[in-house]
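Keep in mind the model is a prediction, meaning the values are calculated, not measured. No hydrogens, no waters, no symmetry mates; every other heavy atom, side chains included, goes into these values. Within every chain, numbering begins at 1; the chains are lettered A, B, ... in the order of the sequence lines, protein sequences first and strands thereafter.
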Protein chains: 2
Amino acid sequence: MSETVLTPPRENVEPKTLVEGAYQRLRRDIIEGVHPPGEKLRVEHLKDQYDVGAGTLREALLLLVTDALVVAQGQRGFRVAPISIEDFEDITRTRILLETEALRQSIALGGEDWEAGIVAAFHRLSRAEQKLGGQDDYVHTAAEDWEKRNRAFHDALIAASPSRWIRHFQNILYQQSERYRRISLFRRPIPRDVHAEHEALFDATLARDADRATAILAEHILRTLESVRHMPTDFFTSPAKH
Amino acid sequence: MSETVLTPPRENVEPKTLVEGAYQRLRRDIIEGVHPPGEKLRVEHLKDQYDVGAGTLREALLLLVTDALVVAQGQRGFRVAPISIEDFEDITRTRILLETEALRQSIALGGEDWEAGIVAAFHRLSRAEQKLGGQDDYVHTAAEDWEKRNRAFHDALIAASPSRWIRHFQNILYQQSERYRRISLFRRPIPRDVHAEHEALFDATLARDADRATAILAEHILRTLESVRHMPTDFFTSPAKH
DNA sequence: TGAACGAATAATCTCGAGAAAAAGTATTGA
DNA sequence: TCAATACTTTTTCTCGAGATTATTCGTTCA
């Protein structure tokens, strides 16, 4: 578990330990909905599924508590963190608060490297957005790809913020919102034209117009909330298997 | 570990499990500086000290990673999270961002219960502040008491905020800053007249003057930063035992 | 002398089994 | 039929020992 705290992307980091490996796989499965919200996570079953010992799996679950993807209740085991429309609203608003502040700091302090990083990330994202208009055959992998680049773009925007804490919290919230987005994407793929928004955000940021950039960013994040709001009403009645 | 995430005060919660017990004691010892920043946390030694098994202690350490009080490096064990003046500045600024927003929300949404809670907490805090003027004999326990009530007052102010996430993050940051404050208190007990600040904050909040209240709160939190800034320059050269 | 290599030591990581607790099931009695 | 109780099963929690990896210390060679 190299660099477990206050260090954003332990995404593609090669796991140095069995605990870290199980942690990564479990997290992916929770975000992708393999383990739906509210599901009981029984160590005895999961240890076979993930091919590690019981103690090791417990430790992986404990690490997931850090990301608030798993909740632990003493003497009563672990569960996948539940979801709700209220929670997603909270996540979205808090993300706006943190991400706009980080963007403001970046615009104030960012140098040439920061700008170059944004240009590159925007370019890659634009290409991915083009592909989304392609055949339905590629939709799934293309969406997966777009997801990664979208995140990379957002990360690049705030990369010049000196606040490790804001980035840490922003990270947790992004991960959380990804879980919601995956679910809504599953039903209604690519609901809106995001490219124009990204371009406006890109322009305002490089023009160092902090007020305009943060306004666009806030609006941009808020729109995701809308697309989840229009889900079937019974959607958030957590399955709570068993 | 009952209610381990997104639920503020697992302070005086009776531990339902050995892991939770060890976690609580370890956290207290880290915040109070018994385990100084940067110290290597060897499981083999600590398991005897805290009277639990090795696996149990590992789990407690993993839980502390959630609070960012411990950092884990794969295959190289655990350490107490290091401190630095930059980190404390970051903590302080991020706290201001979150806490002023939470206060704003509370002022907008808070009802009678919220008001009553603030009045009560302010009263208790005022009494504790009176005692701080007393004999040196009581200084330690009185400061301890003041610390608790100070936190209770701050919590009461933002209790009406509907954002669980802001409160969760604010909680982590408060805990972090407590570690810094303990250290500075140790050398320079009660550096400034906080009562006037608290009173102004109290008045502005109950008057529902959000702009004034948040300005005072920001100023209030910032002052803590000043008192740490004026520490000996070599203070943050982490001991890093071993 | 000092740098590089290798052995010894110490620490971490991992696992499975036993103890404790919770959840589920069946039985009994009203 | 229903509720309460006792029993059984499942699951969680806890521990110590073995395997793996990192670190330290001593030796050798340039």
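- Distance CZ (B:R42) to P (C:dT9): 18 Å, rounded to an integer number of Å.
- Rounding to the nearest 0.5 Å gives a distance of 11.0 Å between OG1 of B:T92 and CD of B:Q176.
- Looking at the side chain of A:Q75, the nearest of the listed nucleotides C:dA21, C:dC15, C:dT14 is C:dA21.
- Per the geometry, NZ belonging to B:K40 stands 10 Å off P belonging to D:dT24, to the nearest Å.
- Here the C1' atom of nucleotide C:dT14 and the CZ atom of B:R58 are 9 Å apart, to the nearest Å.
- When rounded to the nearest whole Å, the span between CD of A:E59 and P of C:dC15 equals 10 Å.
- Across the protein-nucleic acid pair, A:L57 atom CG and D:dC13 atom P stand 12 Å apart, rounded to whole Å.
- Residues passing the side-chain contact (heavy atoms from CB on, under 4.5 Å) test with B:D51, sequence neighbours excluded: none.
- Distances shorter than 4.0 Å separate none of the side-chain N or O atoms of B:H45 from OP1 or OP2 on C:dA10.
- The residue among A:R76 and A:E44 whose nearest nucleotide of DNA chain C lies closer to the 5′ end is A:E44.
- B:R79 places its CZ atom 13 Å from the P atom of C:dA11, with the value rounded to the nearest Å.
- Atom CG in A:L18 sits roughly 11 Å away from atom C1' in D:dT20 (whole-Å rounding).
- Here side chain to side chain donor-acceptor pair (under 3.5 Å) pairs that include residues 109-123 of chain A, with residues two or more places apart or in two chains, are A:E115-A:R208.
- Put simply, B:K47 has no side-chain N or O that comes within less than 4.0 Å of OP1 or OP2 on D:dT14.
- Nearest to the side-chain atoms of A:T17 among the listed nucleotides D:dT11, C:dC13, D:dT14 stands C:dC13.
- Figure legend: cation-pi geometry between B:R93 and B:F88 absent, as NZ or CZ is not positioned both under 6.0 Å from the six-membered ring centre and within 45° of its axis.
- Comparing C:dA11, C:dC13, C:dT14 against the side chain of A:T56 picks out C:dT14 as the nearest.
- Ranked by how close their nearest DNA chain C nucleotide is to the 5' end, B:L41 and A:G55 are led by B:L41.
- Residues B:I158 and B:E99 come closest through the heavy atom pair CG2-O, 4.0 Å.
- In this entry the distance linking NZ of B:K16 with P of D:dT14 reads 13 Å, nearest Å.
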